[in-house]
Structures are given as C-alpha cells and as structure tokens.
Engineer: 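The structure's right below; bear with me while I get my questions together.
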Amino acid sequence: MARGEKKGLVARWLEGKERSEEYARSTLPTSRWALFWDIFKGRFGKMILINLLVFVTFLPLIAILVWRNLSVAAQGMAGPFGAGLGVGYPALPNVTGAAEAMVLNADLLFYGLLIPAMVLAGLGISGGMYIIRNLLWTEGIFVANDFARGIKRNFWNVTEAVLIFSVLLFVARTMGNLADLLSVTGARYSGWLVASKIIGYIFVAFSILICLWMISLGINYKQGPWALFRNAVVMTVGTFPQTVFFAAVALWPIFLVLFSGGILMAIGFVLIFFLAFSYAMLVWMDYSQWAFDRFVNPNLGIATGRGLYDKNKQAMGGRSSDSVADSAAMREYKRMIVAQGKSKLVCRPIKPIDDDLEIYQLPESFSREDLKKLRESKEAVVEDVRAFEEEHANDEQYVEYNRQFEERERAIREEDEGKGKKKKKAPKRPQMLNKKR
C-alpha cells in the first residue's frame, strides 16, 4: 500500500485541512454548540465588522445614556444639598425630595429620548441579526449588502420589539421615580409604592425576553404584528429556563457596562466597541435556531438542522432521521410522480438483448416468402419478450415498486377526497407561525 506524502508545515497551512488526507466531513459542526464555536473562531473578522456596523446605529443611544448620567451627576454637585455650605448657599429650609424630583425630571427627558434612539438602533439589529442568521445557515454573505438587505426585510418587526421595550422601560422608570419621590415626602402606603416599583422592573426584565424572541421570530418567519407578539410570549413561557440562561449568556457584556464600575466597566466598553453586539446576536440566534428546530419547524413541515452536518443522513444513504415525507414540497413531488403514471421501464420486466433472436433482414430483392420470414421473426421476438415478462412478473423489485405506487396513489386520492368534504372545523390550538422567510 502506498504511503501518503508527508508534507511540511507551510504546505499544510497553505492547503488547509480540507485538502489533507485526515479530513472528513464528520469534522463539520454537528450541534449548535459546535456551530457557534465554528463561526466565532472561523468568521472572527466578520464578527468584528458586523459589530462595528451595529455599534454605529447604537451611538445615539449610548450618547443619551452618557449624557443622562453626566447631567444627573452635575445637578447633584450643584444642587442645594449642602444646606448652606459651599455651593449649597443660600441655605434652604427643607431639601427633602429635591434629589428624587431632580432624577424624575431628568429621566422624563432622557428616557423619553431613548425611544427614538432605540428605534434607530433597530436598524443595526435588523441588519446584524440577518447576517448572523445567514452565517448560522452556512450561506455566503457580503456584510455590507446583507446588512442593507436585513434592514429592508426586518426593520418593522424589530421596530415593534424595541418600541414595546423602550415604552415599557420609560413607564417603569417614571413610576419608579415617582414611588421614590412620594416615599421620601411622607406619602401614605409607601410599601405599595415600593412594590409597584419592583413589579415594574420585573415587567421590564420579562419584556427583554419577549423582545428577543420577537426579533428572532420576525427574522425567521413572516407574520403580522399581533401574531409576532403572541408567538414571542408563547416561546418565552414555553422555554423560560433556557431563555433566561441564554439571554444572560448573550447580554452579559452589556450588563457589565450598565451595572458595574471601574475596570469591569472599561472592559465592557471595549467589548461593546469590538464584539459585544455581534456576540450577543450569535448566541441568541444560535439558541433560537435550536428552539425552532425542536418546537416549530417540524410542525410546519420545514427541514430541521439547517447549517449542521447530519451524521444520520449519511448513515441512512442520504435520508435524514427527521423524515421530510410530510413536508409540502415532498407531497407535491409525490403528487407529480403519481400524475405522470407508472414508469414502464420500472413497473414490469423488460427482457435484455442477450440471446440469438434476430429480426429477419429483407434482401434488396425480396419475395412473398421473405415477408413471411420477417413476420415470423418479429412474432418470435414478441413471444419471447412476453414469456420473459410472465416468468419474472412476480420478482420482488417489480412487486415492491407497484405496491408503493398504488399506496401513493391511494393516499393522494384519499387526501383529495378529504379536502372535498365539508367538515366542521374542530377547535385547534393557535397557529404558531405562518411562513418561513
């Protein structure tokens, strides 16, 4: 047996492992975890480019948050909280609630400005999520072109999600600031005020999960505004533990900036500039594709595992373990085969040309006797073919083909008869999704 040629390090690096003798398709991603890591390390440069495009659309949002914090800090330094000392001059008889009122007024302005800023950030989310989805589907991408195409196709669905979140955040923040102000000024039922503040922030946290699902559902499927919201709530409640876990894994760099300080906040800002947005989109969309393959796509007749290498498919000779026999495309294909009729080359035995029977050849000058010999030779060939067909008519391959064809024909006929009958529709559970994009 010939030995493989031993190649040097530079040759192996130039050719890549696809050209090496040890390479096998089984090394391709076979799970969502493997697919995430394969994209993260193999498309790292594109991930940074995607993040920079998304970061540009988030600049107004970041500027408003920084402006808000600086404004509140400046008012806190110049406000009348020194009670006659330094910048607190002149002395005020009572500063109770002044700080809370200042924060309330500032947040009414800045959290109101967050709403249009988040709509603008939706442009980046639309384009970035669309590119990440195509990467997960192992489709070829052109970052700039696909970013613009993603905005065009998904902006309104993403806008619905960010509007729900930003408006709910504005209301919750306003109610929380009012609760703080009324509590320090001695309003009655301060306990209920604190409870309302906590409940408001719980709703904000829950809305983050719903909006994440709205974005991924809107990018993968075509559906109306109400169906998008309803389906997002269904997915959030139905996969709540996994959703909380993967939302935390995806958004931890952003939480690092919002809820930490010092060196951790600096690290968070660096990640947001270079990688945080594209990383969060990759984690969330990868998890979403897993959830869609498990809970949605089989019910819609859509093939699952897109972007993954299916070992079972190779082991079964090209047939996936998740049969697509019930898909609309496969049903249409079977219907077309039945409409064309049985193949005469497959449904019955055909005698091969492997014997000495020949058709009599007429000479240039022939007589009635020659015509008789020609007719007899043709009849002999026809009789030989008929005898061969009768002898092999019960062979397994022909019997099995005819049986499968008759079953398909009967199934399609029963399906057509079932559609023709007018039956009272039984109550069904809400339709999850409508059409894949």
Side-chain angles (χ1 to χ4, degrees), residues 18 28-29 32 34-62 117-163 211-223 225 228 232 246 250-251 253-254 271-293 296-297 300 302-309 433-437:
E18 291 83 356
L28 295 174
R32 291 294 171 188
L35 182 61
F36 164 81
W37 178 244
D38 185 72
I39 293 175
F40 187 78
K41 65 183 179 66
R43 302 292 188 95
F44 193 77
K46 290 188 182 300
M47 294 283 290
I48 294 178
L49 181 57
I50 295 168
N51 193 87
L52 291 176
L53 290 174
V54 177
F55 178 78
V56 170
T57 63
F58 271 79
L59 281 176
L61 178 62
I62 297 172
M118 293 193 73
V119 172
L120 183 60
L123 294 171
I125 297 173
S126 304
M129 283 286 199
Y130 180 75
I131 298 175
I132 294 297
R133 188 205 67 175
N134 290 345
L135 284 176
L136 290 168
W137 285 2
T138 62
E139 294 183 355
I141 65 167
F142 297 94
V143 175
N145 292 342
D146 286 343
F147 190 80
R149 186 178 295 111
I151 293 174
K152 182 178 179 181
R153 296 182 59 175
N154 306 308
F155 175 68
W156 294 113
N157 289 331
V158 174
T159 298
E160 180 185 356
V162 297
L163 279 178
C211 292
L212 287 173
W213 274 117
M214 289 179 69
I215 292 171
S216 55
L217 284 167
I219 290 174
N220 278 270
Y221 306 94
K222 289 183 179 179
Q223 50 201 311
L228 183 64
F246 283 101
L251 300 176
I254 298 174
L271 290 175
I272 283 179
F273 183 77
F274 287 106
L275 199 62
F277 294 119
S278 59
Y279 160 81
M281 293 176 181
L282 180 60
V283 171
W284 182 255
M285 287 300 290
D286 193 24
Y287 162 65
S288 299
Q289 298 303 313
W290 169 84
F292 296 153
D293 284 345
V296 180
N297 291 340
L300 298 178
I302 299 173
T304 61
R306 187 167 182 176
L308 300 178
Y309 175 75
L433 297 167
N434 298 324
K435 186 178 180 182
K436 195 170 184 180
R437 303 189 71 172

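FYI, the numbering just counts along the sequence from 1.
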Engineer: Taking all heavy atoms of Ala232 and all of Met214, pick out the closest pair and write down the distance.
Structural biologist: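 Shortest heavy-atom contact: CB-CG, 3.3 Å.
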
Engineer: If you round to the nearest 0.5 Å, how far is OH of Tyr130 from CD1 of Ile141?
Structural biologist: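 So the CD1 of Ile141 and the OH of Tyr130 are separated by 10.5 Å.
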
Engineer: With sequence neighbours excluded, what pairs up with Tyr279 under the side-chain hydrogen bond (donor to acceptor under 3.5 Å, both in side chains) test?
Structural biologist: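 If we apply the side-chain hydrogen bond (donor to acceptor under 3.5 Å, both in side chains) test to Tyr279, skipping adjacent residues, the hits are Trp252.
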
Engineer: Do Leu53 and Phe277 have side-chain heavy atoms sitting under 4.5 Å apart?
Structural biologist: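 No - every pair of side-chain heavy atoms lies 4.5 Å or more apart.
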
Engineer: What distance do Ile39 atom CD1 and Leu136 atom CG have between them, rounded to the nearest 0.5 Å?
Structural biologist: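 Between atom CD1 of Ile39 and atom CG of Leu136 there are 4.0 Å.
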
Engineer: Atom CG in Asn157, atom CG in Leu217: separation rounded to 0.5 Å?
Structural biologist: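 The CG atom of Asn157 sits 9.5 Å away from the CG atom of Leu217.
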
Engineer: Report yes if some heavy atom in the side chain of Met285 is under 4.5 Å from a heavy atom in the side chain of Ile215; otherwise report no.
Structural biologist: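 Side-chain contact under 4.5 Å: no.
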
Engineer: Please examine the side chains of Leu52 and Phe273, heavy atoms only from C-beta on, and report whether any two atoms are closer than 4.5 Å.
Structural biologist: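 Touching, per the 4.5 Å side-chain cut-off.
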
Engineer: Are Arg306 and Asn297 side-chain neighbours, meaning at least one heavy-atom pair lies under 4.5 Å?
Structural biologist: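 SC-SC contact between Arg306 and Asn297 ruled out.
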
Engineer: Measuring from atom CD of Gln289 to atom CZ of Phe36, what distance do you get when rounded to the nearest 0.5 angstrom?
Structural biologist: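 So the gap between those two atoms works out to 14.5 Å.
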
Engineer: Check the angle between the aromatic planes of Trp290 and Tyr287 and answer parallel, tilted or perpendicular using the 30° and 60° thresholds.
Structural biologist: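 Answer is parallel, since the angle falls under 30°.
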
Engineer: Checking side chain to side chain contact (heavy atoms under 4.5 Å, CB included) for the pair Asp293/Arg32: CA distance, chi angles, key distance, verdict?
Structural biologist: CA-CA 11 Å; Asp293 284 345; Arg32 291 294 171 188; 2.8 Å; yes

Engineer: Could you go through Leu251 and Trp284, starting from their C-alpha distance and side-chain angles, then the distance that decides it, and tell me whether this counts as side chain to side chain contact (heavy atoms under 4.5 Å, CB included)?
Structural biologist: CA-CA 9 Å; Leu251 300 176; Trp284 182 255; over 6 Å; no

Engineer: Please find the pair of heavy atoms, one from Ser288 and one from Trp213, that lie closest to each other, and give the distance.
Structural biologist: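 Looking at all heavy atoms of both residues, the shortest contact is OG-CZ3, 3.9 Å.
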
Engineer: Just wondering, do Leu120 and Leu61 contact through their side chains at under 4.5 Å, heavy atoms?
Structural biologist: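 No, side chains not in contact.
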
Engineer: Search all heavy atoms of Pro60 against all heavy atoms of Ala117 and return the closest pair with its distance.
Structural biologist: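 Minimum heavy-atom separation between Pro60 and Ala117: C-CB, 4.3 Å.
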
Engineer: Is the side chain of Asn51 donor-acceptor paired with the backbone N or O of Ser278 at a distance under 3.5 Å, no angle test?
Structural biologist: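 Answer holds: yes.
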
Engineer: Any idea which heavy atoms bring Ser216 and Asn220 closest together, and the distance?
Structural biologist: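 Ser216 and Asn220 have their closest heavy atoms at O-ND2, 2.8 Å.
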
Engineer: Could you measure the distance from the CG atom of Asp286 to the CZ atom of Phe40? Nearest 0.5 Å is fine.
Structural biologist: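 CZ of Phe40 is found 12.5 Å from CG of Asp286.
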
Engineer: Donor-acceptor pair, Asn154 side chain versus Gly150 backbone, under 3.5 Å?
Structural biologist: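 Such a contact is found between Asn154 side chain and Gly150 backbone.
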
Engineer: Would you say the side chain of Thr57 lies within less than 4.5 Å of the side chain of Ile125, judging by non-hydrogen atoms?
Structural biologist: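 Answer no - side chains too far apart.
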
Engineer: Using the rule given for side chain to side chain contact (heavy atoms under 4.5 Å, CB included), can you reason through Ile62 versus Phe55, listing the C-alpha separation, both sets of side-chain angles and the distance that settles it, and then say yes or no?
Structural biologist: CA-CA 9 Å; Ile62 297 172; Phe55 178 78; 3.6 Å; yes

Engineer: First locate atom CD1 of Ile131, then atom CG of Leu282, and finally report the distance between them rounded to the nearest 0.5 Å.
Structural biologist: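 Here the interatomic distance stands at 12.5 Å.
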
Engineer: Please check if the side chain of Glu160 supplies one atom and the backbone of Gly218 the other of a donor-acceptor pair under 3.5 Å.
Structural biologist: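 Absent.
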
Engineer: Does the side chain to side chain contact (heavy atoms under 4.5 Å, CB included) test come out yes or no for Ile50 and Phe147, once each step is laid out?
Structural biologist: CA-CA 8 Å; Ile50 295 168; Phe147 190 80; 5.7 Å; no

Engineer: When you compare the side chain of Ile132 with that of Ile219, does any pair of heavy atoms fall below 4.5 Å?
Structural biologist: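 Result no, sub-4.5 Å side-chain heavy-atom pair not found.
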
